[in-house]
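Below is one structure, written out as structure tokens, with a few remarks after it.
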Amino acid sequence: MRAKHCWFRGFTLVELLVVIAIIGILIALLLPAVQAAREAARRSQCVNNLKQLALAMHNYHDTYKCFPMGHMYIGVFDGNPDNDFGGTGFGWGYSILPYLEQGPLFQRFDSRLPVGVAPNRDLMQTPLAVFSCPSDTKPPQFTDGAIPNSATSSYQGCASSYDGFATAVTPSAVNWLRRNGVFERSNRPPVGMEFLTDGTSNQFLIGEVKWKMDANDRNRARIYGGSDNPNWAQGATNTVLINGQWTINWTARQGNPQPHRTAGSEHPGGANFALADGSVRFISNTIQHTATPWIDNANAFDRPNNGANYGVYQRLFSMADGLPISGF
């Protein structure tokens with residue numbers, strides 16, 4: 001019998017190129033879906049971080065009947081207790097460590113001394129995962145100001161809806177209309193839930209920030225506190241607190257004069273915020289924002305116009321403006 005032979009015809013070059021092109025198209029179609037899934041997971045972890053921080057805030061409030069000090073800014077360490085600075089420089093992140101299962105780290109700090117001196121200086125270099133959004137490109141540590149290699153953060157406390165941190169010599173002299181957020185410098189007393197008369201579900205507590213905000217592709221956010229002077233708090237409140245004056249994700253390159261005091265994130269379209277009721281909301285870049293500057297008490301919250309020029313974003317920063325909020 002004649003043997004049967006099986007013949008296999010190979011691919012032509014054209015056929016091979018067609019197959020490669022089809023595979024390339026499939027990969028191109030699949031890659032965005034994979035990236036979107038990864039970002040969804042990162043965003044979910046960010047939300048979980050903020051929930052943990054908000055819960056720690058509530059546990060702190062249950063213990064002390066108020067929220068932590070935003071930035072311990074005034075004190076005696078400059079030799080003059082009547083100055084607007086000279087405090088220890090600790091921020092709200094330090095205060096809630098025991099409620100984040102970080103009691104041993106909390107105990108190692110000496111809150112009687114400024115953040116820039118031993119043993120606090122070295123402890124300020126300790127990164128914590130709960131303060132890091134997986135989408136944020138920040139390094140774990142960065143030297144900026146008086147504290148070398150200080151641990152960075154993706155989250156900051158929400159201070160006033162207006163720009164800046166206006167100084168006042170004593171807590172009794174603070175203008176509460178201008179300094180109207182949950183957190184502020186310590187020349188305004190800490191506040192409890194009873195001060196949030198606009199409602200806890202209408203009040204920002206903690207906001208997300210991102211690394212590449214200023215002209216040097218960085219941000220100043222820190223976990224435990226900050227200071228531009230190694231021996232006491234002076235400047236650097238923008239390491240722990242943001243304001244509502246500047247819209248979300250407005251960078252220095254886009255003309256923002258204060259990117260270190262501005263919320264932002266690497267999540268497409270906006271940033272996550274923890275509200276005072278413990279919930280976490282994603283706030284869009286397109287939220288109504290009017291950038292109304294501080295003028296005086298009579299014009300606070302644009303009262304002469306019933307708040308027409310005082311945006312929803314700013315209203316979420318101020319705890320007692322008395323204006324309605326919707327659509328966020």
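In this chain, numbering begins with 1 at the start of the sequence shown.
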Apply side-chain contact (heavy atoms from CB on, under 4.5 Å) to the pair V209 and I242, showing each step before the final yes or no. CA-CA 9 Å; V209 296; I242 55 175; 3.7 Å; yes

Would I223 and L128 count as a side-chain contact (heavy atoms from CB on, under 4.5 Å) here? Give the steps. CA-CA 8 Å; I223 296 176; L128 293 176; 4.2 Å; yes

How far apart are the C-alpha atoms of L53 and Y155, what are their side-chain angles, what is the distance that settles it, and do they pass the side-chain contact (heavy atoms from CB on, under 4.5 Å) test? CA-CA 9 Å; L53 295 175; Y155 311 105; 3.8 Å; yes

Mind running side-chain contact (heavy atoms from CB on, under 4.5 Å) on L205 and L275 for me, showing each step along the way? CA-CA 5 Å; L205 189 66; L275 277 68; 5.9 Å; no

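Residue N238 is tested with Q156, R220, H260 for a side chain to side chain donor-acceptor pair (under 3.5 Å); the sole match is R220. Of the residues listed (T262, N249, D214), the one engaging N256 in a side chain to side chain donor-acceptor pair (under 3.5 Å) is T262, and it is the only one. For the side chain to side chain contact (heavy atoms under 4.5 Å, CB included) with N272, the lone residue among R281, H267, K51 that qualifies is H267.
Minimum interatomic distance between Q314 and A291 (heavy atoms only, all atoms of both residues): NE2-N, 2.8 Å. Smallest separation of non-hydrogen atoms from M319 and R188: CE-NH1, 3.9 Å. Of all heavy-atom pairs spanning D277 and S201, the tightest one is OD2-CB, 3.3 Å. Across all their heavy atoms, S227 and Q234 have their closest contact at OG-N, 3.6 Å. Listed here is the closest heavy atom pair of P257 and P259: C-CD, 3.5 Å. Taking all atoms of both residues into account, the shortest heavy-atom contact from P304 to N299 is CG-OD1, 3.6 Å.
The hydrophobic cluster containing Y162, built from Ile/Leu/Val/Met/Phe/Trp/Tyr side-chain heavy atoms closer than 4.5 Å, also comprises L177, W294, F301, Y310, L323. The hydrophobic cluster containing L113 also includes V117, under a criterion of side-chain heavy atoms closer than 4.5 Å among ILVMFWY residues, counted directly or through chains of members. Residue W246 shares its hydrophobic cluster (ILVMFWY side chains chained together at separations under 4.5 Å) with W250.
Not one N or O on the side chain of S161 forms a donor-acceptor pair closer than 3.5 Å with the backbone of R315. Remark: the backbone N or O of L100 is not paired with any side-chain donor or acceptor of Q52 at under 3.5 angstrom. When atom types are taken as modelled, the side chain of T239 and the backbone of A221 share no donor-acceptor pair closer than 3.5 angstrom. A donor-acceptor distance shorter than 3.5 angstrom exists from the side chain of Q203 to the backbone of F317, with no hydrogens or angles considered. In this structure, Q125 contributes its side chain and N149 its backbone to no donor-acceptor pair below 3.5 Å. Judged purely by atom type and a 3.5 angstrom limit, H289 uses its side chain to pair as donor or acceptor with the backbone of Q245. Between the side chain of S186 and the backbone N or O of I74, at least one donor-acceptor pair lies under 3.5 Å. Without hydrogens or angle criteria, N49 side chain to S132 main chain gives a donor-acceptor distance under 3.5 Å. Side chain of Y224 to main chain of T126: a donor-acceptor pair is present (N/O by atom type, distance under 3.5 Å, no hydrogens or angles). In this structure, the side chain of R218 does not engage the main chain of F142 through any donor-acceptor pair within 3.5 Å.
With contacts defined as side-chain heavy-atom distances shorter than 4.5 Å, the pair M57/I206 qualifies. Annotation: side chain of L316 is in contact with side chain of I287 (closest heavy-atom distance under 4.5 Å). Looking at V76 and P81, their side chains come closer than 4.5 Å, going by heavy atoms from C-beta outward. Proximity of I96 to P68: side-chain heavy atoms (C-beta onward) are separated by under 4.5 Å at one or more points. Contact of the E208 side chain with the D136 side chain is not registered, since no non-hydrogen atoms from C-beta on lie closer than 4.5 Å.
Under the ring-ring contact (aromatic ring centres under 6.0 Å, His included) criterion, F273 pairs with F204, sequence neighbours left out. R253 meets the salt bridge (charged side-chain N to carboxylate O under 4.0 Å, His left out) test with D217; sequence neighbours excluded. A search for side chain to side chain contact (heavy atoms under 4.5 Å, CB included) contacts involving P189 returns P171, W176, not counting sequence neighbours. For Y99, the ring-ring contact (aromatic ring centres under 6.0 Å, His included) criterion is met by no residue, not counting sequence neighbours. Applying the ring-ring contact (aromatic ring centres under 6.0 Å, His included) rule to H61 yields the partners F67; only residues at least two apart in sequence or on another chain are considered. Listed by chain and number, the residues in a ring-ring contact (aromatic ring centres under 6.0 Å, His included) with F328 amount to none (sequence neighbours excluded). Applying the salt bridge (charged side-chain N to carboxylate O under 4.0 Å, His left out) criterion to R43, with sequence neighbours excluded, gives no partner residue.
Side-chain contact of R42 with S135: a donor-acceptor pair under 3.5 Å is present, judged by distance alone. A donor and an acceptor atom, one from each side chain of D321 and N180, are nowhere located under 3.5 Å apart. No side-chain donor-acceptor contact under 3.5 Å links S154 and K138. There is no side-chain donor-acceptor pair under 3.5 Å between N243 and R261.
Note: R121 CZ to F109 CZ = 12.0 Å, rounded to the nearest 0.5 Å.
Below 30°, between 30° and 60°, or above 60°: for Y94 and F106 the angle between ring planes is below 30°, a parallel geometry.
Sequence neighbours left out, the pairs with a member in residues 105-116 that pass side-chain hydrogen bond (donor to acceptor under 3.5 Å, both in side chains) are D110-R112. The side-chain hydrogen bond (donor to acceptor under 3.5 Å, both in side chains) contacts involving residues 64-92 comprise H71-T237, Y73-R185, D78-N83, N80-N83, D84-T167, where partners must be two or more places apart or lie in separate chains.
F85 is not connected to F165 by any chain of hydrophobic side-chain contacts under 4.5 Å among Ile, Leu, Val, Met, Phe, Trp and Tyr, and they are in different clusters.
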